[in-house]
Amino acid sequence: MRKYWVLQRKSFSFLIDKKTTVSIIALTLGAIAAMLLSIGVGDMYIAPWDVFNALIGTGLDINQLIITEFRLPRVLVAFIAGASLALSGAILQGIIRNPLASPDMIGITGGAGFAAVAFLTMFSDDSNNLLLSINYLPLFAFGGATIVAFLIYVLAWKDGVTPIRLILIGIGLMALLQALTTLMMLMGPIYRASQATIWLTGTVYGTSWNEVKALLPWFIGLIPILVLLVRRLNIQGFGDDLTKGAGISVHRERFLLLMVCTALAGSAVAFAGAMGFVGLIGPHIARRISGSSFGGLFPASALIGGIMVVLADLAGRTLFSPLEVPAGVFTAAIGAPYFIYLLFKNQ
């Protein structure tokens with residue numbers, strides 16, 4: 001009989017077996033290796049040992065400058081954004097009980113993208129100058145994601161919200177938002193349309209410590225909420241009747257989880273653009289490694305999503321140098337075939 005480590009508190013409990021624990025430790029080491037590799041590789045190669053010395057403040061001045069001011073913030077934002085999108089996808093797949101659910105599939109990232117394009121279009125003058133600071137772009141993106149999530153929930157309500165209505169309404173809104181985003185790009189200046197296209201693809205180009213300081217509190221603040229909701233999300237996987245029998249308000253919990261999902265996806269998209277398929281692939285790979293219990297699925301999904309975006313960004317800035325390709329191109333190149341595979345597998 002398998003031994004489990006049981007973590008009990010008043011508000012939550014979940015099971016993590018030894019195999020899952022070993023897998024999470026391996027993924028953590030893999031994430032550290034991926035980040036060190038991404039920090040060291042570029043126009044100027046820095047050996048892993050020199051990267052480590054620079055991070056602890058004992059390296060050469062030139063290495064410390066390149067790493068701490070240019071590469072490290074970019075890698076951190078890429079990892080946090082990937083982890084947030086993967087966690088968002090894991091939550092959605094738990095709520096909807098559909099393995100094909102993800103924030104980009106039901107329109108949450110589409111809402112953030114439309115709001116960002118609207119910002120670039122509406123606040124540009126005839127000379128291609130922005131009337132508002134570009135620093136307001138993340139705020140608009142997050143607001144767009146939140147509004148769409150709220151609309152999905154309201155439109156799906158009919159004596160409660162069922163998973164099938166959530167995903168159908170979400171797909172419909174996604175199609176509408178894609179059309180509106182294209183229209184907004186056609187109406188705006190050509191220069192802004194090009195800028196919006198790159199952002200919609202997903203990129204962490206030009207990231208600084210300001211983005212890290214703005215994104216990190218969202219991620220850290222939402223993790224304790226997820227820990228509190230783990231047990232209830234596990235129970236929801238057995239169906240609404242059993243969930244109600246356990247004394248849990250299904251619709252209230254579903255709404256709360258949807259808001260957490262939106263906060264994770266919206267904050268990630270606001271600072272890294274609309275990275276496609278990370279929220280779909282990350283939880284799927286994690287489920288194969290850690291099983292279906294969200295106690296192990298959440299950390300595994302976050303680590304895999306972070307690794308995906310870090311490596312995609314590394315590929316984007318090195319494979320076609322001096323041309324820099326947005327990281328979202330590589331996540332989509334991997335994600336699209338995997339999505340087709342999932343469609344055939346799940347019939």
Side-chain angles (χ1 to χ4, degrees), residues 24-87 198-199 201-216 218-220 267-279 281-282 285-286 289 299-335:
I24 292 174
I25 293 173
L27 286 172
T28 301
L29 294 175
I32 294 172
M35 294 173 74
L36 290 175
L37 177 65
S38 183
I39 291 171
V41 175
D43 291 336
M44 176 180 174
Y45 174 75
I46 303 174
W49 181 251
D50 293 329
V51 171
F52 178 77
N53 286 333
L55 291 175
I56 62 175
T58 60
L60 298 175
D61 289 342
I62 184 64
N63 290 346
Q64 288 187 238
L65 175 65
I66 293 173
I67 290 172
T68 58
E69 294 300 322
F70 300 107
R71 294 184 185 175
L72 183 57
R74 179 170 182 160
V75 170
L76 288 175
V77 169
F79 182 83
I80 296 171
S84 297
L85 288 171
L87 282 172
I198 294 173
W199 188 88
T201 304
T203 181
V204 289
Y205 175 79
T207 299
S208 67
W209 284 108
N210 291 330
E211 283 77 15
V212 177
K213 293 176 182 178
L215 179 58
L216 190 58
W218 283 97
F219 185 72
I220 294 176
S267 59
V269 174
F271 292 97
M275 299 277 182
F277 293 100
V278 177
I281 298 175
I285 298 175
I289 295 173
S301 297
L303 290 167
I304 291 170
I307 292 171
M308 282 181 59
V309 178
V310 167
L311 294 180
D313 178 58
L314 174 62
R317 60 185 171 85
T318 57
L319 292 183
F320 300 95
S321 182
L323 178 66
E324 182 156 330
V325 180
V329 171
F330 291 93
T331 61
I334 297 171

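Please read these numbers as outputs of a predicted model, since none were measured by experiment.
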Participant: Give the minimum heavy-atom separation between M275 and A327, together with the two atoms involved.
Facilitator: CE-CB, 3.7 Å

Participant: Minimum heavy-atom separation for A302 to F79, with atom names?
Facilitator: O-CZ, 4.5 Å

Participant: Show the atom names and distances, to 0.1 Å, of all donor-acceptor pairs under 3.5 Å that link a side chain in residues 34-52 to residues at least two apart or in another chain.
Facilitator:
{"unit_1": "S38", "atom_1": "OG", "unit_2": "R317", "atom_2": "NH2", "d": "2.8"}

Participant: What pairs meet the side-chain hydrogen bond (donor to acceptor under 3.5 Å, both in side chains) rule with one or both residues in residues 51-60, with sequence neighbours excluded?
Facilitator: none

Participant: I'd like to check T207 versus F70 (side-chain heavy atoms, cut-off strictly below 4.5 Å). Are they in contact?
Facilitator: no

Participant: Walk me through whether V75 and V204 qualify under side-chain contact (heavy atoms from CB on, under 4.5 Å).
Facilitator: CA-CA 8 Å; V75 170; V204 289; over 6 Å; no

Participant: Between CG of D61 and CD1 of I66, what distance do you get to the nearest 0.5 Å?
Facilitator: 11.0 Å

Participant: Grab the two heavy atoms, one from S267 and one from L215, that are nearest each other, plus how far apart they are.
Facilitator: O-CD1, 3.6 Å

Participant: Side-chain donor-acceptor pairs under 3.5 Å in residues 303-316, sequence neighbours left out?
Facilitator:
{"unit_1": "D313", "atom_1": "OD1", "unit_2": "R74", "atom_2": "NE", "d": "3.1"}
{"unit_1": "D313", "atom_1": "OD1", "unit_2": "R74", "atom_2": "NH2", "d": "2.9"}
{"unit_1": "D313", "atom_1": "OD2", "unit_2": "R74", "atom_2": "NE", "d": "3.0"}

Participant: So, for T331 and F277, which heavy atoms are closest and what is the spacing to 0.1 Å?
Facilitator: O-CB, 4.0 Å

Participant: Could you note down all residue pairs passing side-chain hydrogen bond (donor to acceptor under 3.5 Å, both in side chains) where residues 300-310 supplies at least one of them, sequence neighbours left out?
Facilitator: none

Participant: So, do I281 and I334 sit near enough that their side-chain heavy atoms are less than 4.5 Å apart?
Facilitator: yes

Participant: State which residues pass side chain to side chain contact (heavy atoms under 4.5 Å, CB included) with V212; sequence neighbours excluded, sorted by chain then number.
Facilitator: P73, L76, V77, W209

Participant: Looking only at heavy atoms, what is the nearest atom pair of I67 and A54, with distance?
Facilitator: CD1-CB, 3.5 Å

Participant: Can you name the side-chain hydrogen bond (donor to acceptor under 3.5 Å, both in side chains) partners of S208, sequence neighbours left out?
Facilitator: E211

